[in-house]
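Below: one structure, written as structure tokens.
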Amino acid sequence: MSTKPSDERRKKGAYIVIECPEKIPCDPCVDACPQGAISIPGSMIELPEIDYEKCTGCLVCIPRCPGLAIFVIDETPEDHSIVYIPYEMLPRPKKGDTAIGLDHVGKERCEVKITKVLDSRKFDRCAIVGFSVPKDLADEIRFIKFK
Amino acid sequence: MNSSAKNQKPRSQKNIQNFSSSKLPNFDICVVGGGPAGLEAGIVAKELGANIIIIDDNPVLGGQLIKQTHKFFGSKAHYCGVRGIDIAKILTDMVDELKIDILDNATVVGYYDDDTLGILRKDKLFQIKAKTYIFAAGASENMLVFENSDLPGVYGAGAVQTMMNVYGVVPGRRALVIGSGNIGLIVPYQLLQSGVEVAAIIEILDKVGGYYVHAAKIKRAGVPIYLKHTIIKAKGKDCVEAAVITQVGDKFECLEGTEKTIECDMILIAIGLSPLCELLYQAGCRIDYVPELGGNVPYHNESMMTSKSHIFVCGDLACIEEASTAMLEGKIAGAKAYEALYGENKKSKEIVEQANKELSMIRSSPFEQRILSGKEKLKA
Amino acid sequence: MDGYITEHPILEFKRGKKVKFCFEDKEIEGYEGLPIAAALHAAGIKVLSISERYSRPRGFFCAVGKCSSCLMEVDGNPNVMVCMEPLRQGIKVRKQKGKGQKQ
């Protein structure tokens, strides 16, 4: 799975996480980053690499991954972290909504509060949804559902 | 119908008038099948200058692309990151722009001794003769036999995808999916998008067959994937009401005492596809049994030429793979069919080289090793 | 008519006009141009035919005109592949029994 940035970098601001562990022929993430922080060395079946010094946590790469495997984590808030996910379901959540946070295997882990929803036309029907999670669950919560 | 399919215009009018005369129109190349492979083959051949026609049995072109709502993998040069439905639009727009002759709603029902095709369209039989044929008829979904597997509610996974994504109809409320290849992983995700519950995906092997990222999408949404499981029966009187699944041992034997009943009104079979090579049999092409490529497949060389020098194949009919590789093989088949008639030129050479380059890049993925070994077997 | 998807995150559905047709003497509404099988399933009807030897219920399997699991009698004609045949106003659709009978 993707490497983690240094502690120092994590304190500085949001950073991306790419959960793409298999060599599949795919490369749009490279073009998706306006900062050039994502690269695929060699052939396009290789795994993406992240330059955390270039990544600004700007979120625009999230809806560009065909595998919906790019997330952004922001650990800067003091008492919680924010996880941003690609979201292709209806109804779209609204800022301020509460939802249930699900982990990688769909287990209900915590209550989350929606902090941001970006649903622009250029994201091609895939919204970016940000929500607050307890600090220790930032690496685990990857989806949300509503009661 | 979904709007991208519905917006396609009927294309056959001109052709139908031509075919009602007793004289058969002649074409350089006739492409059978208007899916990703056939359309790319037709586009390439037409661009190179051949007189071509594409025959398809659906009212709209695009084959199975018209139900693929997810974004495709592949290379930037080849629609990577574009949804299948939108690739269908790009290809059909090119077909219209090039003014390629289309015969839609038309089923090819026979390949005759004099190298003509028999075509059934709305209760009327036509014949077409071409110098060269490209078959891109695709594949059909495999069935699985278990107790009550003939009950309504046991559907091909692709069939439900068609009902839901093309026609906007959900044929059930809660699904069980058999098989965890990419189709078995993508369709349940699309069911969730349509508001249908998915009880589980079951897989007889000890690992998921499709891509990690597809499995991850459905797992985090709360759908369990039961490995080393199979279905033993469907329950229900007139329609499926539940399924009984069981764990299997190392020799795929059902383990007694592990049976579990799962409430569902749909059982989706996603265990693979078989190439539709009936017409190729009829044409006398050599057919080989190569499990890696999907079972009985027409022999073809690197030029996508079959054992008959005027018949080419591409797409799922040649080997069960992905839409992205089907399109690339379609390009090769289109260019090579053109070259068979008019000889090689700079442009046709370039098309083939570029497509081969992309194919070998895609096929360097560990997921494609099966296809490569299957293609090796064909050569032997 | 509650089998129709009304809202979808990716797709938009454009449907033809609503028409009435007959299934086994019962009047049903559906959208013109959709395959008959889609209209029947939207109305909750899944049994399309009765098998010849053991009289078992049958539904569609492939939905793309390949498998012949969905053959029905339409306006007296047996063996119509209803996963492909478009719905029209006033047609009479019946469950096919076995090989069906031309009326």
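Being a predicted model, the structure only gives us computed values, none of them experimental. A, B, ... follow the sequence lines: proteins, then strands. Residue 1 opens every chain.
Nearest heavy atoms, C:Phe61 versus B:Ile269: CE1-CG1, 4.2 Å. The shortest non-hydrogen separation linking B:Leu151 to C:Pro57 is CD2-CG, 4.1 Å. Heavy atoms only, all atoms of each residue included: B:Pro152 and C:Gly59 are closest at CG-N, 3.5 Å.
The candidate from B:Cys239, B:Gly168, B:Gly172 with the greatest count of non-hydrogen atom pairs under 4.5 Å with chain C is B:Gly168.
With a 4.5 angstrom heavy-atom cutoff, C:Ala37 touches chain B via backbone and side-chain atoms both. For chain C, no part of B:Val196 is nearby; none of its heavy atoms comes within less than 4.5 Å. At a 4.5 Å heavy-atom cutoff, the contact between B:Met1 and chain C is made by backbone and side-chain atoms alike. For C:Cys83, the part lying under 4.5 angstrom from a heavy atom of chain B is the backbone only.
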Using only distance, no hydrogens or angles, which N or O donor-acceptor pairs sit under 3.5 Å between chain C and chain B?
unit_1: C:Gly3; atom_1: O; unit_2: B:Val170; atom_2: N; d: 2.9
unit_1: C:Ile5; atom_1: N; unit_2: B:Gly168; atom_2: O; d: 2.7
unit_1: C:Glu12; atom_1: O; unit_2: B:Ser3; atom_2: N; d: 2.8
unit_1: C:Glu12; atom_1: O; unit_2: B:Ser3; atom_2: OG; d: 3.4
unit_1: C:Lys14; atom_1: N; unit_2: B:Met1; atom_2: O; d: 2.9
unit_1: C:Lys14; atom_1: O; unit_2: B:Met1; atom_2: N; d: 3.2
unit_1: C:Lys14; atom_1: NZ; unit_2: B:Asn7; atom_2: OD1; d: 2.9
unit_1: C:Arg15; atom_1: NH2; unit_2: B:Gly168; atom_2: O; d: 3.0
unit_1: C:His41; atom_1: NE2; unit_2: B:Tyr155; atom_2: OH; d: 3.3
unit_1: C:Lys46; atom_1: NZ; unit_2: B:Pro171; atom_2: O; d: 3.3
unit_1: C:Lys46; atom_1: NZ; unit_2: B:Asp265; atom_2: O; d: 3.3
unit_1: C:Arg56; atom_1: NE; unit_2: B:Asp150; atom_2: OD1; d: 3.3
unit_1: C:Arg56; atom_1: NE; unit_2: B:Asp150; atom_2: OD2; d: 2.6
unit_1: C:Arg56; atom_1: NH2; unit_2: B:Asn148; atom_2: OD1; d: 2.9
unit_1: C:Arg56; atom_1: NH2; unit_2: B:Asp150; atom_2: OD1; d: 2.7
unit_1: C:Arg58; atom_1: NH2; unit_2: B:Asp150; atom_2: OD2; d: 3.1
unit_1: C:Phe61; atom_1: O; unit_2: B:Gly156; atom_2: N; d: 3.0
unit_1: C:Lys66; atom_1: NZ; unit_2: B:Asp57; atom_2: OD2; d: 3.1

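Within 6.0 Å of CD1 on B:Ile55 lie more than 12 heavy atoms contributed by other residues, nucleotides or ligands.
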